[in-house]
Number of protein chains: 2
Amino acid sequence: MAERKTTWKSVRDRVRDDILAGRFKPGDRLPRDADLAETLNCARSTVQRAMQDLVDSGLIERRRKGGTHVRREPIARATLDIRVTRLEIEQSGREYGYQLISLEEAAPPASVLAKLGITAPRPLLRADALHLADGRPYILEERWICTQTTPEISQVDLTWISANEWLIKNKPYSRYELRLYAQKANASTARQMEIKRGDALFVIERATFEDERPITLVKSFTQPGYQLVATT
Amino acid sequence: MAERKTTWKSVRDRVRDDILAGRFKPGDRLPRDADLAETLNCARSTVQRAMQDLVDSGLIERRRKGGTHVRREPIARATLDIRVTRLEIEQSGREYGYQLISLEEAAPPASVLAKLGITAPRPLLRADALHLADGRPYILEERWICTQTTPEISQVDLTWISANEWLIKNKPYSRYELRLYAQKANASTARQMEIKRGDALFVIERATFEDERPITLVKSFTQPGYQLVATT
DNA sequence: ATTGCTATTATGTCGCTACATAATAAGTCA
DNA sequence: TGACTTATTATGTAGCGACATAATAGCAAT
């Protein structure tokens with residue numbers, strides 16, 4: 001009899017329901033953890049865990065002494081999983097192919113330096129490559145690699161190994177920044193991806209850092225129709 | 001003396017560093033929580049919290065009895081915060097404007113029904129609107145609203161209130177699906193957004209549900225140059 | 001050999017206590 | 001009155017113990 005147990009998730013769901021049902025409105029103050037624990041007949045640590053989860057999901061705000069409040073400005077928070085391109089293709093049942101297009105040391109444009117947080121202009125290694133699914137262009141990547149922080153890359157034969165896979169295995173990062181946007185395909189991109197010039201491309205741009213030191217910046221131009229899906 | 005304390009975050013960082021530095025390779029098994037707790041001189045619950053965080057960030061996998069392993073296929077996980085358009089504009093210091101373009105009951109295309117999980121074809125309420133920043137088109141939204149699950153919407157004057165804001169305040173959702181992609185502007189979109197036909201638009205498509213019952217599907221066509229930024 | 005029960009192992013969850021920390025309010029002394 | 005100290009309040013973090021649960025291994029009966 002009685003209910004089986006009070007898990008922190010059930011507490012979270014209950015509080016969330018209260019908020020979503022409007023029993024607590026944006027800006028309202030929620031009961032203290034201790035009180036809630038008593039009414040729900042559980043320990044405060046259980047409530048605390050539930051509340052922390054709601055903070056992470058962006059529904060509430062908590063301040064010491066100030067208490068817990070429903071966020072005034074709700075935000076929708078979603079999680080994106082970005083897989084390695086090879087796996088993304090293989091796991092969808094298609095055959096993966098990789099092709100190095102060019103590899104050279106070059107002076108990056110200011111925008112690239114800015115995104116990597118580099119102040120003094122310096123040449124970087126640029127590697128362009130194509131990921132193929134069943135032999136057809138799937139993602140074109142334009143990559144800038146910091147030779148200063150990753151000198152080992154110069155000894156790797158990127159003709160066969162994707163820089164991405166090498167870096168993932170050999171150069172861990174502690175932080176990264178993602179930028180998502182749309183761009184028209186220019187002449188050379190269109191040619192390499194076998195699409196029409198002017199087609200709308202979804203671009204995933206990722207800059208990785210290790211301890212604030214830049215490692216690499218990669219722009220992935222995806223085939224028209226590509227979608228990134230996220231769920232709550 | 002001795003070190004001050006062992007926080008679960010310090011444990012997490014330590015384990016993460018071990019993995020990133022290659023002391024544990026993909027697929028390797030990590031020590032049991034209990035052992036780790038002993039060597040680090042802390043409680044198992046502290047280790048457990050640290051490990052759970054690493055699971056959430058996609059670095060490791062845990063299975064009861066099976067133990068903790070470094071994920072073989074690393075995934076990059078990022079969190080996106082999607083704010084209400086009005087706030088996004090206001091917080092960037094620009095003036096927000098809203099304009100209803102059209103409002104009518106219509107038969108949605110199959111793709112819309114599919115994304116909302118509706119099997120039997122039925123008319124939905126369609127509301128198109130424009131969000132303006134400093135008087136210029138910023139986001140064009142094309143929205144389908146389930147009148148069956150949200151009949152109250154028909155009594156709201158959407159000429160002045162954005163359907164988005166009304167729904168957020170009055171119709172909570174428990175789950176949503178996000179789709180991000182790029183699309184060429186067609187003639188009418190281009191006209192409404194005051195851009196050129198064929199321009200590459202970044203599209204944010206969101207379907208919200210309450211308890212698996214569909215509420216609304218909205219496609220937000222963003223002004224060229226729009227970027228979505230996520231950080232770890 | 002196959003099925004079924006039991007033991008083992010490692011993680012998952014929860015309660016309780018204790019102390020830390022941040023924010024604020026109240027009080028105190030010059 | 002103003003600056004400093006102290007108390008209060010509510011959340012944050014950690015420890016420890018206990019039991020739950022899932023996955024596996026081992027053993028036993030047929």
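As a basis for the values below, the full set of heavy atoms in this structure was taken, side chains included, without hydrogen atoms, waters or symmetry mates. As the structure is a prediction and not an experimental result, all values here were calculated from the model. Note on naming: letters A, B, ... go to the chains in the order of the sequence lines (proteins, then strands), and numbering restarts at 1 for each one.
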- Message: Reading DNA chain C from 5' onward, which residue's closest nucleotide shows up sooner: A:C42 or A:R64?
- Response: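 The answer here is A:C42.
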- Compute the ring centroids of B:F202 and A:F202, then answer whether they are less than 6.0 Å apart.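 They qualify: ring centres under 6.0 Å apart.
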- Task: Could you tell me whether the phosphate oxygens of C:dG12, OP1 or OP2, come under 4.0 Å of any side-chain nitrogen or oxygen in B:Q48?
- Result: yes
- Query: Expressed in angstrom and rounded to an integer, what is the separation of B:H69 atom NE2 from C:dA10 atom C1'?
  - Reply: 11 Å
- Item | Separation of atom CD in B:E61 from atom P in C:dG12, rounded to whole Å |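 From B:E61 CD to C:dG12 P: 12 Å.
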Side chain of [X] only, heavy atoms from C-beta on: which candidate in [options] is closest?
| X | options | result |
| --- | --- | --- |
| B:R49 | D:dA14, D:dG12, C:dT11 | D:dA14 |
| A:K9 | D:dA14, D:dT11, C:dT13 | C:dT13 |
| B:A43 | C:dT11, D:dC16, C:dT13 | D:dC16 |
| B:W8 | C:dT24, C:dT8, D:dA14 | D:dA14 |
| B:K65 | C:dT11, D:dT24, D:dA10 | D:dT24 |

- Please confirm whether any donor atom in the side chain of B:R62 sits under 3.5 Å from an acceptor in the base of C:dT11, or the reverse.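 Absent.
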- Message: Any carboxylate oxygen within less than 4.0 angstrom of a Lys/Arg side-chain nitrogen, looking at A:R16 and A:D13?
- Response: yes
- Using only heavy-atom distances, determine whether the side chains of B:T68 and B:R62 contain a donor-acceptor pair under 3.5 Å. yes
- Message: Ignoring hydrogens and geometry beyond distance, is a side-chain donor-acceptor pair present between B:Y96 and B:E88 at under 3.5 Å?
- Response: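 No, no side-chain donor-acceptor pair sits under 3.5 Å.
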Looking for any heavy atom pair under 4.0 Å, which part of the strands does [X] touch: base, sugar-phosphate only, or nothing?
| X | result |
| --- | --- |
| B:Q52 | sugar-phosphate |
| B:R44 | base |
| A:G66 | nothing |

- Mapping B:V47 and A:L30 to their closest nucleotides on DNA chain D, which lands nearer the 5' end? A:L30
